Amino acid sequence: MLAEVQQLATPNVEYSALLPVLVLLGGAVLLMVIGALLPRHSKVPWHSAFAIVTALASIGTSIPLWFRVRDDGPISAVANAVKVDGLSIFLGIVIAGGVILSSLLASGYLKRERLEGPEPYILLLLSASGGLMMAGANDLLVLFLGLEILSIAVYVLAGIHVRRARSGEAALKYFVLGAFSSAFFLYGIALVYGATGSTNLSEISTFLAANVLTNDVMLVAGLAFLLVGLGFKVAAVPFHAWTPDVYDGSPSPVVAYMASGVKTAGFAGLIRVFVYAFSAYRVDWQPLVYLVAVATLLVGAVVAVSQTNVKRMLAYSSINHAGFILIGIQSGTIRGTQAALFYLATYSFTVAGSFGVATIVGRTGDNAHQLDDYKGLAKRAPLLAFAFLVFLLAQAGVPFTSGFIAKFYVIGAAVGAHSYWLALVAMLSSVISAYVYLRIVLAMYTDDAAEGTPRLKVPAGARVAIGLSVLATIGLGLLPGPLTDAAKTAVHATDAPGAASAPAPPATAQP
Amino acid sequence: MSALLAAEGAASPSFPILSAVVLTPAIGAIVVALISKRRPEVAKQAAVLFAVFTGALTIGVLALFKTHGAAFQMLDHVRWIKDPEISWSLGIDGISLWLVVLTGILFPIAMLGAPPHHDEKSFYAWLLLLEAGCLGAFLALDVFLFFVFFEIVLVPMYFLISGWGYDERKYAATKFFLYTMFGSAFMLVGAVSLAYLHAKGGPVTFDLRVLAEHQGVLAKTTERWIFVSFAIAFAVKVPIFPLHTWLPDAHTQAPTAGSVILAGVMLKLGTYGFLRYGLYLFPEASAWAAPGMVTLGVIGIVYGAICATMQKDLKRLVAYSSVAHLGFIVLGTFAITQQGLEGSVLQMVNHGVSTGALFLLVGMIYDRRHTREIAKLKGLQKPAPIFAAVFTVVMLSSIGLPGLNGFVGEFLILVGSFLTQRWWAVVAVTGVILAALYLLWAYQRVFHGEPDADNATFRELKLTEGLVMAPLIGLIVFMGVYPKPVLDRIEPAVTRLVHHVESNSDHREPRVAHDAERGK
């Protein structure tokens, strides 16, 4: 007993393995300090540049880790509460990429809205550090910690536009509902702890592989609550109600981060908990996730049809896409996880680019998001319209875009797991969403702009962000090989589901 | 794309002509898109140049084609994605040969014969992209690659209809896109299921020949389900009754060039799909589904013909006549006999030529009179006799008059289907009579009689328009009088296909068919 206490007192932290998170945290703190020294209004976007450099540094520190993990296997850190493996590094890079894209978008946006200052970037970096923590969590408490760090920063970000009532409304809604879902999540952790005697995911996995619970009501209830908490973050139906309002009300660059970074972090949690830790309980959670996936796919696609606000359309479409990623998780296979990783990486670019376009078309005040505001965009700003066209086609799953390949892999995973109907529902839902995308395309390309529509200014940062997203969307659609290999390596450099299981024969245990 | 092209050169020893056929218009589309908006005439010249060059390449393919080869020729193979194995794999046989040539000829004609009235540059860029997609779909020997091309053609066609179409263009374009995508949704799930189940846990491949030549891996029921998923996609594209409702709208609202390509080439993606990804890929399931498919084909023939008779709009009439003609092709395909299949392949080309020409002529009428309503047109023969003569030849070809191309195809289809689907063939013959009814009646109302004031000034066929029509008229007559060179190249591939179906299913071609074959 005494030895255990001493061990707890000095856990092996492995700072080098935690560098990507530490860089983001340190960057956030540093920016908080020097933010006071840098001019608030400056020609050079110092704050944005600082955030981008920090995120790049986080990616930079991930790369040696990636090769180390690929060659020597996963690393455990902080008394096995954190796992540094293929999964965490891959998703960490995706989240950092989301930070870069939204920082690029934010610099022009904040200037336009006269909101310059270091605060949004500090929050963005903090939130991303929480996301990375979630991606690497090997303990439900660390996962919760990451979830809260991620969320609280985003609640504030949603309300960063202080002069816009809807921004405040979005923040409040997001906060109240988010806090509610966190409570569910915490209760789920408690129940799982009660059922298995541990919050450590490896230990839970080992315990479940070695023991058969005679009464698993508590465990399954705990799992269901965990699904609620994480489902809220990824906007899965029926925990999606906040999404359209919050996406509509929040500043558009923040939404770009919500739909890429936050979503990725949420799915990281889902993969860690369900696919890996609870792989022994697959039979119990798979039907649940199946139902959630079907509902997410259909609600996201169908409700989007009746929207007239482009940001709300994109919000519902992001729900639909969450359904696609859930398919990868539902399959519970290596192939499914790979597909989900590929989807998250490509969708981050596409959705960040889409909200980047919305940022610009929204104009000063961030209010011009009706379908009518997109009329004649092809004539007013041909390149911007073309970029949006590429993003919309990618989201519809048209070939030669990354979205098509992503859907293809997900469908492959579903078929591999014999979920043919789920695959079919998914594809049919994408036909319904295609109608939504086509409405936007029609508005941009065949309608004429209303008289006196002011010219659009595209700031340099947004140009870079949207350009990068277009390149990624088309490039990965033509040559998906490198990213496919990376996703594969990521999954192979992660302990297989249930691999931690003890070879001991199953014994019956009382909870 | 350039990386693909570079790898292509390294992989095959000789010049990869089929890749060149697909990539030339694709590169052309990019080049045209980059030309300045203020120089529309340069864009047009560049586009026509690329289209003519592509056409020349397809003629080159025709020249290199070994007449008596039954297997795929001029293969190109470059791996695209490692796992699952997907390749840029192209090849050609007697079934796809003429469709490729038809595509190569019809695009420059559509470009020259029906220029747009605004935004020339984007119009030509989309057309070239469409050409690349169509050619890719006809040449692909990889199920995934085929799907990619099958699906990508939607985008340019959608923009052509919504950007340059008539009043209801937005509705028609959206309907067209969603209908086809609805079908494709089934096909994607089917294709992925096929590849994964066929792999049996081993390495997954989408190679058409591997999947088609190793039959009996899947359970019969599974195979039938997957066939149905493919068939839905093709049925929408063909279109087969009752999934045809997008077609009259899309055809009527599309700009003339769009209609020509839609009818001439794009509908063939569906019928070609039935041959290559139906009969070849799922021989057993195709034979199983044949009675149902034949029934739908015949319903299409009769229904399309009746609807065409009742139309008030000339373009809509031609659109419905397409439903009827494609019903014939479906009938011939699922009769699964030597003559029926040869007739289907030939009729695909015939329909492309004659309906393409009809749409061009209707487009010319609209340009002159700004209406397509039959009731408002009268006595055009008086002011424009040459125009009327050209229209007559094209119309008679569409009706299937002996001596013109339509007859050869329809005759072979009827002979072929009479052997296996006797009564349906009998019903289908009424389609020929109805075709004569609706086309002649329309001709009579539009061209005969005394022209009123509006129609008296109808402009005669211009020289440039005549030059555009000339190759089509030439093909109509040539293929009607001397179809042998065409049929000779179709035959070996069809024979192989029939054997493939027979050796993998209970279907047997009736003895008469073989005897008739020997007698030929």
Side-chain angles (χ1 to χ4, degrees), chain A residues 335 338 378-379 382 386 389-390 392-393 396-401 404-405 407-439 441-447 474-475 477-485 488, chain B residues 1-4 26 33 37 79-84 86 119 122 133 136 144-145 147-155 158-159 161-165 169-171 173-175 177-197 199 201 204 222 225-226 229:
Chain A
R335 193 180 275 149
Q338 280 172 17
K379 292 217 178 67
F386 176 74
L389 173 68
V390 170
L392 292 172
L393 291 181
V398 168
F400 299 123
T401 63
F404 173 67
I405 307 278
K407 282 189 177 155
F408 166 70
Y409 282 140
V410 167
I411 297 298
V415 166
H418 302 287
S419 312
Y420 303 105
W421 291 110
L422 186 56
L424 194 58
V425 168
M427 286 318 292
L428 292 178
S429 83
S430 82
V431 179
I432 303 172
S433 356
Y435 172 70
V436 178
Y437 306 136
L438 289 186
R439 279 177 67 194
V441 171
L442 277 181
M444 290 197 301
Y445 277 87
T446 60
D447 291 328
I474 295 180
L478 287 174
L479 298 168
L483 185 61
T484 314
D485 291 342
K488 195 175 283 178
Chain B
M1 238 10 178
S2 62
L4 267 178
K37 213 169 197 159
R79 179 176 288 172
W80 183 12
I81 297 172
K82 242 188 316 195
D83 177 37
I86 293 166
D119 287 339
S122 349
F144 184 88
L145 191 66
F147 180 83
V148 164
F149 283 123
F150 187 80
E151 185 90 344
I152 196 71
V153 293
L154 291 187
V155 179
Y158 170 80
F159 275 99
I161 298 176
S162 69
W164 290 267
R169 60 182 188 276
K170 286 189 212 168
Y171 168 77
T174 308
K175 191 171 176 181
F177 195 100
L178 293 180
Y179 252 78
T180 323
M181 202 176 164
F182 168 80
S184 307
F186 286 90
M187 183 167 146
L188 182 64
V189 176
V192 174
S193 310
L194 170 71
Y196 280 76
L197 292 173
V204 179
T222 319
W225 274 107
I226 298 177
S229 76

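In the text below, chain A, chain B and the rest are named by the order of the sequence lines, each starting its count at 1. A quick note: this is a predicted structure, and the numbers were derived from the prediction, not measured.
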Less than 4.5 Å to any heavy atom of chain A: does that hold for the side chain of [X], its backbone, both, or neither?
| X | result |
| --- | --- |
| Phe182(B) | both |
| Leu154(B) | neither |
| Phe186(B) | both |
| Ile86(B) | side chain |

Using a 4.5 Å cut-off on heavy atoms from C-beta on, say whether the side chain of [Y] contacts that of [X].
| X | Y | value |
| --- | --- | --- |
| Met181(B) | Ser430(A) | yes |
| Leu442(A) | Tyr158(B) | yes |
| Asp447(A) | Lys170(B) | yes |
| Phe400(A) | Val155(B) | no |
| Thr484(A) | Lys82(B) | no |

- request: Quick one: closest heavy-atom pair of Ile152(B) and Val398(A), and the distance?
  value: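 Closest heavy-atom pair between Ile152(B) and Val398(A): CD1-CG1, 3.8 Å.
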
- prompt: Which heavy atom of Ala185(B) sits nearest a heavy atom of Val431(A), and at what distance?
  reply: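 So the minimum-distance heavy-atom pair works out to CB-CG2, 4.0 Å.
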
With only heavy atoms counted, which part of [X] is less than 4.5 Å from chain B, the side chain, the backbone, both or neither?
| X | answer |
| --- | --- |
| Arg335(A) | side chain |
| Tyr445(A) | side chain |
| Tyr409(A) | side chain |
| Leu389(A) | side chain |
| Lys488(A) | side chain |
| Val415(A) | side chain |

Best-contacting candidate, Ala423(A), Gly412(A), Gly416(A), against chain B by heavy atom pairs under 4.5 angstrom: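 Counting heavy-atom pairs under 4.5 Å, the top option is Gly412(A).
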
- request: Assert yes or no for the condition that the ring centre distance of Phe408(A) to Phe144(B) is strictly below 6.0 Å.
  value: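 Yes; Phe144(B) has its ring centre under 6.0 Å from that of Phe408(A).
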
- prompt: Is the Phe147(B) ring parallel, tilted or perpendicular to the Phe404(A) ring (thresholds 30°, 60°)?
  reply: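 Geometry flag for Phe404(A) against Phe147(B): parallel rings.
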
message: Return the NE2 to OG distance between His418(A) and Ser193(B), rounded to the nearest 0.5 Å.
response: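 One gets 10.0 Å once the value is rounded to the nearest 0.5 Å.
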
- request: Give, for atom CG of Leu479(A) and atom CH2 of Trp80(B), the distance between the pair rounded to the nearest 0.5 Å.
  value: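 So the CG of Leu479(A) and the CH2 of Trp80(B) are separated by 8.5 Å.
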
task: Starting from the C-alpha separation in whole Å, work towards a yes-or-no answer on side-chain contact (heavy atoms from CB on, under 4.5 Å) for Ile405(A) and Ile81(B).
output: CA-CA 10 Å; Ile405(A) 307 278; Ile81(B) 297 172; 4.2 Å; yes

